[in-house]
Amino acid sequence: MLVVNILLILFFVPCFLFLVRFILYRTALILVLRKWVNWVDDRIHVHQYLKVAELSENGQNNEFYRRVFLYINSLPSIEDSNFTNLFSGKKSTDIILSLDDNQVIQDEFLGARVDWVNKVERFDHGGVCNRSFLLRIKKKDKRRTLRPYLQHIHTVSDDIEQRRSELKLFINNGPPENPLNRRWRSVPFTHHSTLDTIAMDADLKNKVKSDLENFIKSQNYYHKMGRAWKRNYLLYGPSGTGKSSFIGAMANFLNYDVYDIDLSRVSDDSDLKLLLLQTSSRSLIVIEDLDRLIDEKLTTTTLSGLLNFMDGIVNSCCGDEKIMVFTMNSKEQIDPAMLRPGRIDVHIHFPFCDFNSFKYLANNYLGVKEHKLFPQVEEIFHSGATMSPAAIGELMIVNRSSPSRALKSVITALQSNGTEGKIGGKGKRLSDSASSPLRLEPPPHAVETGGTNWKDSVPGAKEVRKLYGLLRLKSCKSPSSFDHDPGMIER
Ligand SMILES: Nc1ncnc2c1ncn2[C@@H]1O[C@H](COP(=O)(O)OP(=O)(O)OP(=O)(O)O)[C@@H](O)[C@H]1O
Ligand SMILES: [Mg+2]
């Protein structure tokens, strides 16, 4: 009898336990139980709170907030949060989870449980006032785990940042009612331009590539020199020659977010400063059509406000690794102070199409490397006719099903419309670099090997010109020119 009883107990006890477990999991009672356990646990421990605010008291971006944001949204426990936002990712099948306002998420590190609250305080009229993450940690765990935990957040967010395929495009809001409001709205950055899709002289493209690569490796150098780790590019040339596309290509190449500053929505110099303070590192800060904005007085920012912005005085205090890009159609009317070395480090000219860039476009748009109509196109280009890459690209896209038709339409357009966008009559390009020699500053690595003194490490202008003479490009032959400002080497 005893044996039978034992056998029954051995059978029923596991069955009962299995049933309880089944019911707990099927009915979410397990979550309720866990909540109670946590509640009791919370009552018997003293906690400490650490706040990671998005903006500092003077409205400056807090880099650590961004790291915590990336970290928290990557935690598997985000799925257990009561309220999570779902967004579509870059690919249509990607779904991104993001913790909703004032929701709590739990994390475990070295056996210690911590809570994060995504705190959002709003103004009465609904505008976002204050965002922060609140970390709650038991006092008994703090000494042992806090430092390594924060380090862990740094490492994980770095890793996410490097793997991140999703870039963001930030657009500035109008002047805020409260200076502590966030000034930027972001949308996914989906520009598909790459350096490979831009028709540009191959040498020039390689020089830009290595300039950008040198820049991202030069943190120590810039800091040793006491300079903000930033580089300013000027892209100039007629409309439709690829300046905006090139910005997209730079962002994709560097994996940087883009902050597109609409100067007409900047109320004054201090507003511009505030905007900059709220940009994060590893970003491209872009002001497009600067010549037009200045010419037509579409900005209330003063020249000195813009110059300070370009100098990076403001940037040096809010994280760095920033590239500023300015575009304009022509730099002729621009105050030379704005273009001086240090303010603009790299000048790149974007001229109209020549035969080489035409061939590049034909290959990209039509998949045609050679064609019997090419000699005719070449002859037309040599006779001085030209068009913008945008116009040629359009004709190719429209006729992409028949390369011959596409090329014929380009020929017709070149013959009838070859002077499109030019100034000063047939064959003359909107280019000021055709007549002026290109002068280059030494690339960053050449400077880096020098001593701590910038001037000591920079060879004389003559030597540099000799050194880089071979790299000079006549803008009438090349689609773009890489034109570092001379002042940089002559100082
Ligand atoms: N050099 C180029 N290589 C490849 N595509 C180009 C090039 N230039 C222009 N395009 C194509 O033409 C279109 C317009 O180019 P984009 O907007 O970059 O010109 P832009 O120089 O910025 O003109 P704008 O001065 O009017 O702003 C884009 O779709 C781009 O793909
Ligand atoms: Mg543009």
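Indexing begins at 1, ligand by ligand and atom by atom, following the structure's order. One-based numbering along the sequence shown.
- Taking the six-membered ring for Trp and thresholds of 30 and 60 degrees, Phe355 and Phe381 have ring planes inclined between 30 and 60 degrees apart.
- Atom numbering of ligand 1 starts at 1 in the shown order; those under 4.0 Å from a heavy atom of Ile198 are 1 (N), 3 (N), 4 (C).
- Within the structure, ligand 1 lacks Ile247 among the residues with a heavy atom less than 4.0 angstrom away.
- For the pair Gly240 and ligand 1, a heavy-atom separation below 4.0 Å is found.
- The distance cut-off of 2.8 Å around the Mg ion (ligand 2) captures these protein N, O or S atoms, sorted by chain and number: Ser244 OG.
- Contact annotation: for Asn364 versus ligand 1, there are no heavy atoms closer than 4.0 Å.
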Start with the C-alpha gap between Thr301 and Asp269, add the side-chain angles, then the distance that decides, and say whether side-chain hydrogen bond (donor to acceptor under 3.5 Å, both in side chains) holds.
CA-CA 5 Å; Thr301 328; Asp269 292 355; 5.0 Å; no

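- Residue Pro389 has no N or O atom closer than 3.5 Å to an N or O atom of ligand 1.
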Could you pull out every donor-acceptor pair under 3.5 Å between side chains of residues 358-366 and any protein atom, sequence neighbours left out?
from	atom 1	to	atom 2	distance (Å)
Tyr360	OH	Asp196	O	2.5
Tyr360	OH	Lys205	NZ	3.0
Asn364	ND2	Thr197	O	3.4

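- Between Lys243 and ligand 1, at least one pair of N/O atoms sits closer than 3.5 Å.
- Ring-plane geometry between Tyr236 and His347 is classed as perpendicular, the angle between the planes exceeding 60 degrees on a 0 to 90 degree scale with a lower cut at 30.
- For the side-chain contact (heavy atoms from CB on, under 4.5 Å) test, residues two or more places apart in sequence or in another chain that qualify with Ala337 are Leu307, Asp335, Arg343.
- Inclusion of Gly242 in the set of residues having an N or O under 3.5 Å from an N or O of ligand 1 is warranted.
- For the pair Lys331 and Leu234, the minimum side-chain heavy-atom distance is below 4.5 Å.
- The N/O atoms of Ser239, backbone and side chain alike, include one that comes under 3.5 Å of an N/O atom in ligand 1.
- Around atom 4 (C) of ligand 1, the closest heavy atom drawn from Thr197, Asn329, Asp196 belongs to Thr197.
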Given side-chain hydrogen bond (donor to acceptor under 3.5 Å, both in side chains), test Tyr259 with Asn172 step by step and report yes or no.
CA-CA 8 Å; Tyr259 286 85; Asn172 55 310; over 6 Å; no

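- Using a 4.0 Å cut-off to heavy atoms of Ser245, the atoms of ligand 1 that qualify are 15 (O), 16 (P), 18 (O), 28 (C), 30 (C), 31 (O).
- The pair Asp211-Arg231 meets the salt-bridge criterion, since a charged nitrogen lies less than 4.0 angstrom from a carboxylate oxygen.
- Contacts of Ser404 classified as side-chain contact (heavy atoms from CB on, under 4.5 Å), with partners at least two apart in sequence or in another chain: His371, Ser402.
- No more than 12 heavy atoms of other residues, nucleotides or ligands sit less than 6.0 Å from atom CZ of Arg400.
- For Tyr233 and Phe326, the gap between ring centers reaches or exceeds 6.0 Å.
- Remark: distances from the non-hydrogen atoms of Tyr365 to ligand 1 include one below 4.0 Å.
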